[in-house]
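Small disclaimer: the values here were computed from a predicted structure and weren't measured. Below, chain A is the first sequence line, B the second, and so on; all start at residue 1. What's counted below: heavy atoms across the whole structure, side chains too, no hydrogens, waters or symmetry copies.
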Amino acid sequence: MITARRLRRRFYDRETGLVARELLGMHLVHRDGDILRVARIVETEAYLGPHDLAAHSARGLTPRTQPMFGPPGHAYVYLIYGMHHCFNVVTEAEGHAAAVLVRAVEPVANVAGRTAGPGLLCRAMGIDRRLNGRDLVGDELFIARPPRRERLVIVRRPRIGVDYAGTWASRLLRFYIKGNRFISRL
DNA sequence: TGCACGATGAAC
DNA sequence: TTCATCGTGCAC
């Protein structure tokens, strides 16, 4: 059972940049009705908290950003540009309001269509706002260690689409697996 | 109640 | 480079 390899709460209750890096290579799992969709995480971005001007939590606690302010190991799913969903995992202690955006995945099982981009991977994996706030230490939506431990070369880059965030725009908080062909942008 | 805009993706 | 499309947050 893949649930035996599921990440526990304490994995998420750590520094967000570290969680973003360690999520690379992990398997994102969505029990979508009778179908178990599995994909390997290959690209992430860290959003550190209210002091990070690129983070949604920088505008304070609002109905939308509520999951970010909640306990670690929960999903934060929101709609962007009126048509695309973005999937994040909440990190660090409750109230810290940090999260990791999953930007690209590589299909492993029951995932069809393109997955190189936050909106595309949500569509391919059947993730939408119904899953907002979902506990990732559960059976419907979770992240699990891959069957084999592998050595990865990780690339660090500035985050995508946050040019408005002043000095925070240039921080190296985007991470991806070097050479992977599912990366959203080089 | 109105309005500017976005952690995107696709077309041109 | 432009545009589709609409929820969110904040101004009025």
**Q** State, to 0.1 Å, how close A/C122 and A/H85 come at their nearest heavy-atom pair, and which atoms those are.
**A** SG-O, 3.5 Å

**Q** To check you understand the geometry: which heavy-atom pair defines the closest contact between A/A20 and A/A46, and what is its length?
**A** CB-CB, 4.0 Å

**Q** What is the distance, to the nearest angstrom, from the CG atom on A/L79 to the C1' atom on B/dC5?
**A** 13 Å

**Q** Given C/dG9, B/dA7, B/dA10, identify the nucleotide with an atom nearest to the side chain of A/R64.
**A** C/dG9

**Q** Any side-chain N or O of A/R103 less than 4.0 Å from the OP1 or OP2 oxygen of B/dT8?
**A** yes

**Q** If you compare every side-chain N and O of A/R129 against the phosphate oxygens of C/dT8 (OP1, OP2), does one of them come in below 4.0 Å?
**A** yes

**Q** Any strand is fair game: report the nucleotide pairing with B/dA7 by Watson-Crick or G-U wobble, both distances under 3.5 Å, or none.
**A** none

**Q** Would you say the side-chain atoms of A/T115 and A/E106 include a donor-acceptor pair closer than 3.5 Å?
**A** no

**Q** Counting side-chain heavy atoms from CB outward, which of C/dC10, B/dG6, C/dT8 is closest to A/I80?
**A** B/dG6

**Q** Are OP1 or OP2 of B/dG9 and a side-chain N or O of A/H84 less than 4.0 angstrom apart?
**A** no

**Q** Please classify the nucleic acid contact of A/L101 as base, sugar-phosphate, or nothing, using heavy-atom distances under 4.0 Å.
**A** base

**Q** Could you check whether A/Y47 and A/H56 have their ring centres less than 6.0 Å apart?
**A** no

**Q** Could you check how far OH of A/Y81 sits from C1' of B/dA7, rounded to whole Å?
**A** 8 Å

**Q** When you measure from the side chain of A/P118, which nucleotide among B/dA7, C/dT5, B/dG9 comes out closest?
**A** B/dG9

**Q** Please report, rounded to the nearest Å, how far the P atom of B/dT8 is from the CG atom of A/D163.
**A** 10 Å

**Q** Going by an N to O cut-off under 4.0 Å, is there a salt bridge joining A/R14 and A/E22?
**A** yes

**Q** How many Å lie between CE on A/M83 and C1' on B/dC5, as a whole number?
**A** 12 Å

**Q** What is the distance, rounded to the nearest whole Å, between atom CZ of A/R59 and atom P of B/dG6?
**A** 9 Å

**Q** Just to confirm, is there a sub-4.0 Å distance from OP1 or OP2 of B/dA10 to any side-chain nitrogen or oxygen of A/R123?
**A** yes

**Q** Could you tell me the separation between the NE2 atom of A/H56 and the P atom of C/dG9, rounded to a whole number of Å?
**A** 9 Å

**Q** Nearest whole angstrom, please: distance from the P of B/dT8 to the CG of A/N88.
**A** 11 Å

**Q** To the nearest Å, give me how far apart NE2 (A/H85) and C1' (B/dG9) are.
**A** 14 Å

**Q** OP1 or OP2 of B/dA7 sitting under 4.0 Å from any side-chain N/O of A/R174?
**A** no

**Q** Tell me whether the side-chain N/O atoms of A/Y76 come closer than 4.0 Å to OP1 or OP2 in B/dA7.
**A** no

**Q** For A/Y47 and B/dA7, do the ring centres fall under 5.5 Å apart while the planes stay under 30° apart?
**A** yes

